[in-house]
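Side chains are part of it too, since the values below use all heavy atoms of this structure and drop only hydrogens, waters and symmetry mates. Lettering follows sequence order; numbering is per chain, from 1.
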Protein chains: 2
Amino acid sequence: MDTGWVRARVQDLERRCREADVPLTHQRRVVFEALLERGDHPTADQLFVDLQEALPGLARATVYRNLEVLTEMGVISRACHPGAVVRYDARLEPHHHLVCLSCGAMVDIVDERLDHLELPSTVEHDFEVRDFRVQLRGTCSRCRERSDEAAP
Amino acid sequence: MDTGWVRARVQDLERRCREADVPLTHQRRVVFEALLERGDHPTADQLFVDLQEALPGLARATVYRNLEVLTEMGVISRACHPGAVVRYDARLEPHHHLVCLSCGAMVDIVDERLDHLELPSTVEHDFEVRDFRVQLRGTCSRCRERSDEAAP
DNA sequence: ATACGTGCAAAGCGTTTGCATTTCT
DNA sequence: AGAAATGCAAACGCTTTGCACGTAT
């Protein structure tokens, strides 16, 4: 685990909390770290389960609320996903996603060329662009295998 | 309303149903048409509400089930969205989205250059790509105005 | 007669909210 | 003391499921 990277991000959070005058409670920090330490794009509930043994007594609502606070601060973001559950993403750098339309699995991909896209103008929609993501949508290997054995 | 376009899509659905041996019930057809006739990316419930006056007695579950069937047939798709509700998209042609991270609004954008991206290889993930979408994420004008009046 | 879609109601999850309590300043 | 976050439980909203009924082959 690259702890140095996590520490840098936590320090960034500390700084932003100070600037925005948002108290950085123990729970807030731990929820943030738990998201950082997962490489994937978990739901609030998955993080709640992850944290239960480390923080007995932690309330599910606290996880939900803190993820929302962190999102509004801009230190994490909601991942765009085809499912009916909110997923969170701790990466701030430009990156993109492989999305399985069958099981919803989501994997980060990094690609220099994609990062430097010439974006279309959005003036006609009066839309302020913060960042962008490219989503490659299709079927992951696991789901392909499953459908193969269903119809061989 | 461009009815010709809708008719062509419905004919495509008819053909695919015949090929796949999937019965095209009245409800199925009407749910599909209702999605086509909206320019946006509605939830199953929004479509259910839209259809209630045209089809009294229609069950909510029927709408949900048919949207799922249509998705599996590949004539519509789930839209990737940062919210906790499933949204559907009737467009099959390559296109992209403006997504408001504040209210979840989603607008189609068409851009030739984006359609011809050189995609990164996904062999290392053993992932089969069906299509791709570029999402420009940010804040729509309405939400910008709201936050302006909150903190002027 | 069989298979399948539909309507209806209940159950199942994920998420939000209200409120008493605790924590921090 | 006052403001704000937490824990807990209830409420809420979206989605799925089980079952009886209807429909089409």
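- B/Leu67 places its CG atom 14 Å from the P atom of D/dC14, with the value rounded to the nearest Å.
- Partners of A/Asp40 under the salt bridge (Lys or Arg N to Asp or Glu O under 4.0 Å) rule, at least two apart in sequence or in another chain, are A/Arg38.
- Counting to the nearest Å, the P atom of D/dT15 and the CD atom of B/Glu68 are 10 Å from each other.
- The CZ-C1' distance, from A/Arg65 to D/dA5, rounds to 7 Å in whole Å.
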(message) Please determine whether side-chain hydrogen bond (donor to acceptor under 3.5 Å, both in side chains) holds for the pair B/Ser77 and A/Arg137, giving the CA-CA distance in whole Å, both sets of side-chain angles, and the decisive distance to 0.1 Å.
(response) CA-CA 11 Å; B/Ser77 73; A/Arg137 318 192 318 159; 3.2 Å; yes
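- Transitive grouping of hydrophobic side chains (ILVMFWY, heavy atoms separated by less than 4.5 Å) keeps B/Val86 and A/Met106 in distinct clusters.
- If you check every strand for non-hydrogen atoms under 4.0 Å, A/Arg28 touches sugar and phosphate atoms only.
- Reading DNA chain C from its 5' end, the first and the last nucleotide to sit under 4.0 Å from a heavy atom of chain A are C/dG14 to C/dG18.
- Across the interface with DNA chain C, nearest-nucleotide mapping of B/Ala84 and B/Pro56 shows B/Pro56 to be the residue nearer the 5′ end.
- Contact between the side-chain N/O atoms of B/Tyr64 and the OP1/OP2 oxygens of D/dT16 is not found at any separation under 4.0 Å.
- Summarising the geometry, the separation between CZ on A/Phe48 and C1' on D/dT6 is reported as 13 Å, rounded to the nearest angstrom.
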(request) Dump the intermediate steps for side chain to side chain contact (heavy atoms under 4.5 Å, CB included) on B/Asp89 and B/His95, then the final yes or no. (result) CA-CA 11 Å; B/Asp89 191 337; B/His95 69 283; 2.9 Å; yes
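- There is no path of hydrophobic side-chain contacts, each under 4.5 Å, that joins B/Val99 to B/Leu136.
- Under the 4.5 Å side-chain heavy-atom criterion for Ile, Leu, Val, Met, Phe, Trp and Tyr, A/Val134 and B/Leu114 are members of the same hydrophobic cluster.
- The aromatic ring centroids of B/His97 and B/His81 lie 6.0 Å or more from each other.
- No more than 12 heavy-atom neighbours from other residues, nucleotides or ligands sit within 6.0 angstrom of CZ on B/Arg142.
- Linking Ile, Leu, Val, Met, Phe, Trp and Tyr residues whenever their side-chain heavy atoms come within less than 4.5 Å leaves B/Leu101 and B/Val85 in two separate clusters.
- The distance from atom CG of A/Asp21 to atom C1' of D/dA5 is 14 Å, rounded to the nearest whole Å.
- Between the C1' atom of D/dC14 and the CG atom of B/Leu47 lies a distance of 14 Å, rounded to the nearest Å.
- Rounded to an integer number of Å, the gap from CG of A/Leu58 to P of D/dC8 is 9 Å.
- The 5' end of DNA chain D is approached more closely, in terms of each residue's nearest nucleotide, by A/Pro23 than by the other of A/Pro23 and B/Arg78.
- Distance, A/Gln52 CD to D/dC8 P: 11 Å, rounded to whole Å.
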Close N/O contacts between protein and nucleotides 21-25 of chain D (under 3.5 Å):
none

